Amino acid sequence: MEHAILRDDELDLLFEEIAEKYGYDFTLYSKASLKRRVSRICMMDKLYSFAELRYRVMHHPDYLQRFVEEITVNVTEMYRDPHFYKTLREDVLPQLATYPFIRIWIAGCATGEEVYSVAIMLQEANLYDRSLIYATDLNPTVLEKARNGVFSIRHMKQYSENYIISGGKKELSSYYMANYDVAKFHDKLKERVVFSTHNLVSDASFNEFQLIMCRNVLIYFEKELQHKVFNLFDNSLEKLGYLALGSKESIRFSNLENTYKKLGSDKVWRKLQ
Amino acid sequence: MRKNGNRDTGVLLIGGSAGSLKVLFDLLPDLDENLGFPIIIVVHRKAAADSQLESVFEKHTKLKVFEIEDKMSLEPNTIYLAPADYHVLLETPTELALDYSEKLHYSRPSIDVTFQSGAEIFGEKAVAILLSGANHDGALGLKYVQTAGGLVIIQDPETAEVDLMPREAMTQVNPDYIIKPADMAKLINTLANKTNNQ
């Protein structure tokens, strides 16, 4: 079986070497997920032994970029968990509207579907022109896709349904141009977006925000790393700012539980002090 | 057929799709409360599913039931349900992990993913049961469990509402048991860890 070639100790060694040589630190990523991803790239790239994989990664810096892209999960959707977006629309945005200038950080944005989802909601709330969205990911290739704002048309039906459930009053299709099998979202939706690489593991806080969204990223991190990233978020969030996580994530593995208050049943917390 | 004898059970993995909920709801009330191992259930469900499944399961069992959250700890005599739209992995023998990577067999959660992960973490202490379903998911997962020395059980396709899944699995593995739903609870109870029950 293809997975037998990967031993835990060898993987640990590889990730230590990658961290040392390239500065990409995966040593505190959840092992179960990481192992699956490494097996997957070995199969795709027809690498039949650990030695082959290690040689390719350590001696071909070009390959490193592909390796990083494939071992991180970049699957994302527009308006995933529509109920969460409804909460954002109805409870969070009206609070953000009280600020003269709104700064939002979408951390681990992958190919950007959430960025466009949020940009559309800000437009509909008449907040877009005084908002700035920082969309970051550790992976330059997916950020390029996010910047393009071109998504497969076959997902649009699902996205439209989710958009409506989230409280959207228009047609999602009024925000993109359909062209054969792709949907290109309007450039206006990225005018107020800064796409930038940022590694949650190693990079520091770079601004203060009123809303930080980081959904389905922390599931790939061990508790210890989660703790560290929560501190980074806390340092990057204004008092009374909001932190939004994925539907199965929580702030349990942080020391923020006393200073943050959960909003209803969705995974949104407000910073109290 | 292989006997389980005095083997220890580390985890029971149950996978199912179309037609599997009824089987589960029939067998769960008859499970012992002190099995001594956790049960992880992966049932295909709609991406937008609500979390009602947890409370529905609770009505059918004396065991504690949780829908899995990130890094939830895995404890004996407890049922863990795969949440809609996430794969379930085992990080260690006592910790679960979630993953939102690509669908497998058009499914997330995928049974193969959890069975394979359970096989890697628990080896010969893993037990996997595959139920009714209209999908090829689970067959490869059972193969991993068997290769790791674990126990493989398949619902008798004759009794399955949709027999594609168990039939596909039988082409991939030679199961330790092919079993009717009516006999499942009894078999699971025999897997109970004796030391934990004293």
Side-chain angles (χ1 to χ4, degrees), chain A residues 1-4 6-8 29-41 44 70-77 79-84 108 110 155 158-159 161-162 165-166 215-227 245-254 265-267, chain B residues 40 46-52 54 66-74 80-104 108-110 112-123 140-149 172-173:
Chain A
M1 301 223 165
E2 61 271 16
H3 292 259
L6 296 167
R7 291 208 329 253
D8 289 354
Y29 273 53
S30 286
K31 295 289 174 292
S33 220
L34 207 52
K35 205 170 171 183
R36 280 196 72 221
R37 303 304 288 179
V38 175
S39 304
R40 184 172 164 272
I41 194 171
M44 284 193 299
E70 292 301 336
I71 62 163
T72 50
V73 173
N74 296 304
V75 180
T76 175
E77 284 171 32
Y79 298 104
R80 180 175 185 205
D81 310 319
H83 190 266
F84 160 76
H155 300 305
Q158 178 68 53
Y159 293 173
E161 286 168 14
N162 290 352
I165 302 170
S166 81
R215 307 185 69 231
N216 300 308
V217 176
L218 296 172
I219 49 174
Y220 302 110
F221 296 173
E222 286 182 0
K223 294 172 190 171
E224 181 187 344
L225 179 56
Q226 287 193 9
H227 192 279
L245 304 178
S247 64
K248 300 296 161 196
E249 295 167 331
S250 80
I251 61 168
R252 285 186 293 147
F253 310 120
S254 71
S265 63
D266 284 292
K267 296 301 177 83
Chain B
I40 303 174
K46 282 198 193 118
D50 44 47
S51 293
Q52 298 308 309
E54 188 176 314
F66 294 113
E67 189 177 71
I68 298 167
E69 296 237 338
D70 178 40
K71 309 289 182 295
M72 194 174 253
S73 58
L74 196 57
Y80 296 89
L81 299 175
D85 219 15
Y86 288 90
H87 295 307
V88 172
L89 299 167
L90 289 90
E91 189 71 18
T92 68
T94 54
E95 190 177 300
L96 292 158
L98 295 173
D99 177 307
Y100 188 58
S101 57
E102 295 78 0
K103 291 181 182 178
L104 248 104
R108 190 174 47 221
S110 143
D112 279 345
V113 169
T114 304
F115 280 13
Q116 182 188 348
S117 186
E120 277 178 17
I121 294 292
F122 280 101
L140 187 62
L142 286 182
K143 208 169 162 180
Y144 279 111
V145 172
Q146 188 153 68
T147 305
Q172 300 280 329
V173 289

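Quick caveat: nothing in here was measured; it's all calculated off a predicted structure. Each chain gets a letter, A, B and so on, in the order its sequence line appears, and its residues count up from 1.
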Inset, instruction - Name the member of A:Arg80, A:Arg252, A:Glu222 that forms the most heavy-atom pairs with chain B at distances under 4.5 Å. - result: A:Arg80
Do you know which two heavy atoms are closest between [X] and [Y], and how far apart they sit?
X: B:Leu90; Y: A:Ala32; value: O-CB, 3.4 Å
X: A:Glu249; Y: B:Asp70; value: CA-CB, 4.2 Å
X: A:Tyr220; Y: B:Tyr100; value: OH-N, 2.6 Å
X: A:Lys248; Y: B:Ile68; value: CD-O, 3.6 Å
X: A:Ser247; Y: B:Tyr86; value: OG-OH, 3.2 Å

Inset, instruction - Give, as side chain, backbone, both or neither, the part of B:Ile121 having an atom under 4.5 angstrom from any heavy atom of chain A. - result: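 It is neither, since no heavy atom gets under 4.5 Å.
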Legend entry - Pair A:Lys35 + B:Glu91, salt bridge at N-O below 4.0 Å: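 Between B:Glu91 and A:Lys35 there is no salt bridge, as every charged N stays at least 4.0 Å from the carboxylate O atoms.
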Inset, instruction - Identify which part of A:Val73 has an atom lying under 4.5 Å from any heavy atom of chain B, answering side chain, backbone, both or neither. - result: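 When you check distances to chain B, only side chain atoms of A:Val73 fall under 4.5 Å.
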Could you state the interatomic distance from [atom1] ([X]) to [atom2] ([Y]), rounded to the nearest 0.5 Å?
X: B:Lys71; Y: A:Leu218; atom1: NZ; atom2: CG; result: 8.0 Å
X: B:Glu69; Y: A:Ile219; atom1: CD; atom2: CD1; result: 11.5 Å
X: A:Ser30; Y: B:Leu98; atom1: OG; atom2: CG; result: 9.5 Å
X: B:Asp99; Y: A:Leu34; atom1: CG; atom2: CG; result: 10.5 Å

